[in-house]
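Here the structure is laid out as structure tokens; the discussion comes afterwards.
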Amino acid sequence: MAKTPAQRIKKHGNKAVVPQHQLPSVINPSTSRSPEKAKSNSNLIVVAGAVASLFLFWYLHLLTLEQLTQLSGGLAMPDSLIGGFDRDFVGQLRAAMNPDALGQLSYVHKTAGTLFPLIFGFSWLLLIGINVARKPLRWALWALPLLFAAVRLWGNAAIDTMMSANVLDPTQVALASGLTVAGWVLLVLSLLAGGAAVFIGRKSGAARRARGHAPS
């Protein structure tokens, strides 16, 4: 029978030959995450978020809210009015929509109307974050999608309150209209900020590659 290391040492003393055992490495070097790989993964998330945002915008504004005009005698939903609305228009809209139609509008605000600004805002924060290195500029660009998401969610609640109130309040109409206009403006500014971030990222990447190929 093969002797154990302790038995060999006891029999042969210092001349005993004890086989050396090496533990296998627990670190797989292939799993190391380079900055390039991390940025590539972030880009995939941004692309997925942009596609989801585009789909939700189409579903919300071009499909669902457009279909609700069938329940309002052809009048547009407040969310779709880029230039805002006044008290007379809201009064006509309230008169044309029954409680079921108002419930459907509120449901749209709680589903697609909530998902769109949140997913768009998160995607644009990530887009700006991976392309803009300077913190002051990055925070300035981040402010736009953050404000867009907050204003759109607030606008949804303001419209629901305005439409379901027992008495039409001019203050509520002015607030809902102002938030609607601000939401559209912030959406456009956020898109421009995303484009600027991509331009800055490509310019910085080109500069790094130029420095890397420059003769020492």
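- Side-chain atoms of Arg138 come within 3.5 Å of backbone atoms of Val132 as a donor-acceptor pair (strictly under, hydrogens ignored).
- Between the side chain of Asn156 and the backbone N or O of Gly113, at least one donor-acceptor pair lies under 3.5 Å.
- Remark: Leu56 pairs with Leu115, Phe116, Ile119 by the side chain to side chain contact (heavy atoms under 4.5 Å, CB included) rule, at least two apart or across chains.
- Inter-residue side-chain proximity for Leu105 and Asp79 is flagged as met; some heavy-atom pair is nearer than 4.5 Å.
- Judged as a side-chain hydrogen bond (donor to acceptor under 3.5 Å, both in side chains), not a single pair has a partner in residues 168-181 (not counting sequence neighbours).
- Atoms OG and CG, on Ser80 and Leu65 in that order, are 4.5 Å from each other to the nearest 0.5 Å.
- Remark: the backbone N or O of Met97 is not paired with any side-chain donor or acceptor of Ser72 at under 3.5 angstrom.
- Rounding to the nearest 0.5 Å places CG of Leu102 at 8.0 Å from CG of Leu93.
- Sequence neighbours left out, not one pair with a member in residues 115-129 passes side-chain hydrogen bond (donor to acceptor under 3.5 Å, both in side chains).
- Listed by first then second residue, pairs satisfying ring pair (Phe, Tyr, Trp, His ring centres under 6.0 Å) with a partner in residues 151-187 read His61-Trp184, not counting sequence neighbours.
- Counting Ile, Leu, Val, Met, Phe, Trp and Tyr side chains that sit under 4.5 Å apart, directly or through other members, Tyr107 stands alone, with no cluster partners.
- Heavy atoms of other residues, nucleotides or ligands lying less than 6.0 angstrom from CZ of Phe89 number more than 12.
- In terms of modelled atom types and a separation under 3.5 Å, the side chain of Arg87 and the main chain of Pro170 share no donor-acceptor contact.
- Looking at residues two or more places apart in sequence or on another chain, you find a side chain to side chain contact (heavy atoms under 4.5 Å, CB included) between Ser106 and Lys110, Asp160.
- Results of the ring-ring contact (aromatic ring centres under 6.0 Å, His included) test with Phe148 over Trp142, Phe122, Phe120 single out Phe120 as the only residue that passes.
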